[in-house]
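Throughout, residue positions are numbered sequentially from 1 according to the sequence presented.
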Amino acid sequence: MKKVAVIMGSDSDLEVVEKAIKVLDELKIPKEVHVYSAHRTPEEAAEFALTARENGFGVIIAAAGMAAHLAGSIAANTTLPVIGIPIDAGPFDGIDALVSTVQMPTGIPVATVAIDGAANAALLAAEILAVSSKSLAEKLAERRLSDSKKVLEKNKKIEEKYNK
């Protein structure tokens, strides 16, 4: 199976990014985690993106706050799918990062999840990899079924309490 790269612009993003790491681990998807900044280490970020495919990656997740240029700069240097996680790191509650991540020019797409939406970024990466992995697709289906059962259990408790 291809690996997923999880790249954050700063180690201050780790608390959010760990939610993606947890999902990838639960699904047993191989991963690498790095800190590369679009502004402070642009050469290293570009080199990572340029060589990601040959290094066995299938998807790259890029998390950054404020100006949030990381996902776009990664996407500019690879044709692999890039998923951006806008991080709430500044005075605009992550809206600045969301707009920066989602507003990519034609030809350089970045799939973008919700502000601090790291778990969904990992699930989207898994869905992309599952296009060519039946076993991963089955794991994702099992996870959805499990999530559904949890909601229905909560519903039952609420109904028992309030619908007498």
Side-chain angles (χ1 to χ4, degrees), residues 1-10 13-36 38 45-65 68-89 94-155:
M1 180 184 303
K2 298 281 187 184
K3 298 182 285 187
V4 173
V6 180
I7 303 173
M8 64 200 98
S10 169
D13 302 328
L14 183 59
E15 183 178 343
V16 171
V17 170
E18 283 180 325
K19 295 171 186 156
I21 295 167
K22 179 182 176 194
V23 170
L24 294 171
D25 287 345
E26 288 170 357
L27 294 170
K28 298 184 179 7
I29 296 173
K31 66 177 177 331
E32 285 186 18
V33 182
H34 300 277
V35 177
Y36 293 128
E47 179 65 19
F48 183 89
L50 288 166
T51 61
R53 186 180 302 275
E54 68 190 61
N55 287 326
F57 292 95
V59 180
I60 300 172
I61 296 172
H69 294 146
L70 183 61
S73 67
I74 294 290
N77 287 295
T78 187
T79 56
L80 290 173
V82 176
I83 302 166
I85 306 171
I87 302 288
D88 177 1
I95 298 296
D96 48 347
L98 174 63
V99 172
S100 180
T101 305
V102 79
Q103 287 295 101
M104 292 300 298
T106 300
I108 310 295
V110 171
T112 307
V113 296
I115 297 166
D116 294 343
N120 267 355
L123 289 167
L124 180 55
E127 288 176 346
I128 292 167
L129 295 177
V131 168
S132 60
S133 172
K134 184 178 179 182
S135 64
L136 183 54
E138 289 169 354
K139 285 182 190 177
L140 287 167
E142 289 170 12
R143 182 183 178 102
R144 289 226 178 147
L145 182 59
S146 174
D147 289 348
S148 177
K149 286 179 181 177
K150 289 175 188 173
V151 171
L152 292 174
E153 287 171 12
K154 291 175 184 179
N155 175 61

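- Here Leu136 contributes atom CG and Ile29 contributes atom CD1; the two are 4.5 Å apart, rounded to the nearest 0.5 Å.
- In this structure, the side chains of Asp147 and Val151 stay at 4.5 Å or more apart for every pair of heavy atoms.
- Screening Glu26, Lys19, Glu18 against Lys22 for a side-chain contact (heavy atoms from CB on, under 4.5 Å) leaves a single residue, Glu26.
- You'll find the side chain of Ile60 stays beyond 4.5 Å of the side chain of Val4, heavy atoms only.
- In plain terms, the two heavy atoms of Pro86 and Ala114 that are nearest each other are CD-O, 3.7 Å.
- For the atom pair Glu32 CD and Ile21 CD1, the distance stands at 12.0 Å (nearest 0.5 Å).
- Judged by distance alone, the side chain of Thr51 and the main-chain N or O of Glu47 form a donor-acceptor pair under 3.5 Å.
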(message) Please evaluate residues Val33 and Met8 with respect to the criterion side chain to side chain contact (heavy atoms under 4.5 Å, CB included), reporting the C-alpha separation (whole Å), side-chain torsions for both, the decisive distance (0.1 Å), and the verdict.
(response) CA-CA 8 Å; Val33 182; Met8 64 200 98; 3.4 Å; yes
(request) Given salt bridge (Lys or Arg N to Asp or Glu O under 4.0 Å), test Glu127 with Arg143 step by step and report yes or no. (result) CA-CA 12 Å; Glu127 288 176 346; Arg143 182 183 178 102; over 6 Å; no
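- Looking only at side-chain heavy atoms (C-beta outward), Ile83 and Val113 come within less than 4.5 Å of each other.
- With Ser100 contributing its side chain and Asp96 its backbone, the two residues share no donor-acceptor pair below 3.5 Å.
- Using a distance-only test at 3.5 Å, with no hydrogens or angles considered, no donor-acceptor pair links the side chain of Asn77 to the main chain of Ile74.
- Summarising the geometry, atom OG1 belonging to Thr112 is positioned 9.0 Å from atom CD belonging to Gln103; distances are rounded to the nearest 0.5 Å.
- Looking at every heavy atom in both residues, Ala63 comes nearest to Val17 through CB-CG2, 3.6 Å.
- Looking at Ile115, Ile87, Asp88 one by one, the single match for side-chain contact (heavy atoms from CB on, under 4.5 Å) with Val16 turns out to be Ile87.
- Contact record, Ala64 with Leu70: CB-CB, 3.9 Å, taken as the closest heavy-atom pair.
- Residue Ala5 comes nearest to Phe57 through the heavy atom pair N-CD2, 3.5 Å, listed as atom of the first residue, atom of the second, then distance.
- Nearest heavy-atom pair, Ala126 versus Leu27, reported as atom, atom and distance to 0.1 Å: CB-CD1, 3.8 Å.
- In terms of heavy atoms, Pro109 sits closest to Ala75 at O-CB, 3.8 Å.
- Within the 4.5 Å cutoff, no side-chain heavy atoms of Val102 are placed close to those of Val110.
- Note: Met1 CE to Ser135 OG = 5.0 Å, rounded to the nearest 0.5 Å.
- Proximity of a side-chain donor or acceptor of Thr101 to a complementary backbone N or O of Ala97 within less than 3.5 Å is detected.
- Side-chain contact between Ile7 and Ile61: absent, with no pair of heavy atoms (C-beta onward) separated by less than 4.5 Å.
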